[in-house]
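What follows is one structure encoded as structure tokens, with my remarks underneath.
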Amino acid sequence: AQSVTQLDSQVPVFEEAPVELRCNYSSSVSVYLFWYVQYPNQGLQLLLKYLSGSTLVKGINGFEAEFNKSQTSFHLRKPSVHISDTAEYFCAVIRNSGNTPLVFGKGTRLSVIA
Amino acid sequence: ETGVTQSPTHLIKTRGQQVTLRCSSQSGHNTVSWYQQALGQGPQFIFQYYREEENGRGNFPPRFSGLQFPNYSSELNVNALELDDSALYLCASSGTSGGQETQYFGPGTRLLVL
């Protein structure tokens, strides 16, 4: 079975400052990794995903994430945040074979302060 | 916009009642997954349908059931509602056109059980 740990439940950051949201996972098999964003009272929007290849993945809205297999991490970063980035961010994993479900972390609330 | 739609957007029921939630998949997707997201938590997998057959189930009781139709739209039915069923219900579609591993979410249905 897979599990995901998002190490910070809340991250406050000033506008235009950099941010890192941390995600660690556990799995006995190879997985794909995802970050989703959820704005208030909305569903989940895919930010980026790692399937294979380059371990640095770029997504929408200026976000990027780096897959580190040895540390089983997939941390999300943005060099300069905006007020509009205030949202809940979810890291998720899925087995890389078969129709299997996403396993989510508990989420990190990013609050950008003006 | 993912092309995944859900109805209704909000619903209020009382304990013991039954509810049906609906989801239309993104064009070209043949797999639908349903998730329950309780307040302040990450989404939890309920079940998945692939070509009209249940293809996996999470840790939810049998009173949670589903259907997938030939056009790949889907329903989630919950019988004998309990207070703890209050949550945001999310459906996600995936398929060979977008990669089976990548799930695209609808906006969700928020269910309140009184």
Side-chain angles (χ1 to χ4, degrees), chain A residues 1-10 21 23-25 27 29-53 57 59-60 67 74 76 87-109 111, chain B residues 1-7 9-10 21 23-24 26 29-60 68 87-96 98-110 112:
Chain A
Q2 294 77 47
S3 66
V4 175
T5 302
Q6 292 185 242
L7 296 158
D8 306 295
S9 59
Q10 298 186 57
L21 306 184
C23 172
N24 285 91
Y25 70 94
S27 178
V29 299
S30 295
V31 295
Y32 299 135
L33 297 137
F34 302 82
W35 276 96
Y36 286 87
V37 60
Q38 186 174 38
Y39 299 103
N41 300 312
Q42 294 190 26
L44 301 177
Q45 180 180 2
L46 180 66
L47 266 182
L48 49 79
K49 61 184 178 182
Y50 173 78
L51 304 181
S52 64
V57 180
I60 62 171
F67 170 56
F74 191 53
L76 181 70
E88 191 87 19
Y89 291 79
F90 292 96
C91 180
V93 301
I94 193 169
R95 286 182 59 168
N96 69 352
S97 60
N99 284 340
T100 59
L102 283 165
V103 176
F104 286 87
K106 291 188 175 181
T108 297
R109 173 157 295 280
S111 298
Chain B
E1 282 293 321
T2 63
V4 181
T5 61
Q6 292 186 244
S7 62
T9 55
H10 295 83
L21 311 182
C23 172
S24 291
Q26 186 169 323
H29 286 183
N30 54 19
T31 303
V32 173
S33 304
W34 285 90
Y35 295 82
Q36 180 196 67
Q37 185 181 16
L39 202 60
Q41 300 294 318
Q44 297 290 317
F45 175 67
I46 303 175
F47 46 57
Q48 183 181 83
Y49 279 81
Y50 173 66
R51 293 186 176 180
E52 304 178 58
E53 297 286 333
E54 188 178 289
N55 190 43
R57 190 178 183 90
N59 190 27
F60 280 81
Q68 188 181 30
L88 179 67
Y89 288 86
L90 297 162
C91 83
S93 75
S94 57
T96 53
Q100 200 74 32
E101 74 292 330
T102 303
Q103 297 185 17
Y104 296 91
F105 285 80
T109 294
R110 190 164 297 280
L112 177 61

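Here is the naming used below: chain letters follow the sequence lines, and residue numbers restart at 1 for every chain. Source: prediction; values computed, not measured.
- Considering every non-hydrogen atom in both G105(A) and F90(A), the closest pair reads O-CD2, 3.5 Å.
- Contact annotation for Q6(A): neither backbone nor side-chain heavy atoms come within less than 4.5 Å of a heavy atom of chain B.
- Contact of L46(A) with chain B is made through the side chain alone, with heavy-atom distances under 4.5 Å.
- For the side-chain hydrogen bond (donor to acceptor under 3.5 Å, both in side chains) criterion with Y35(B), the lone passing option out of Q44(B), Q48(B), Q103(B) is Q103(B).
- When all heavy atoms of Q2(A) and V29(A) are compared, the closest pair comes out as NE2-CG2, 3.7 Å.
- No part of F47(B) comes within reach of chain A, as not one of its non-hydrogen atoms sits under 4.5 angstrom from that chain.
- Considering only heavy atoms from C-beta on, P43(B) stays 4.5 Å or farther from L102(A) through its side chain.
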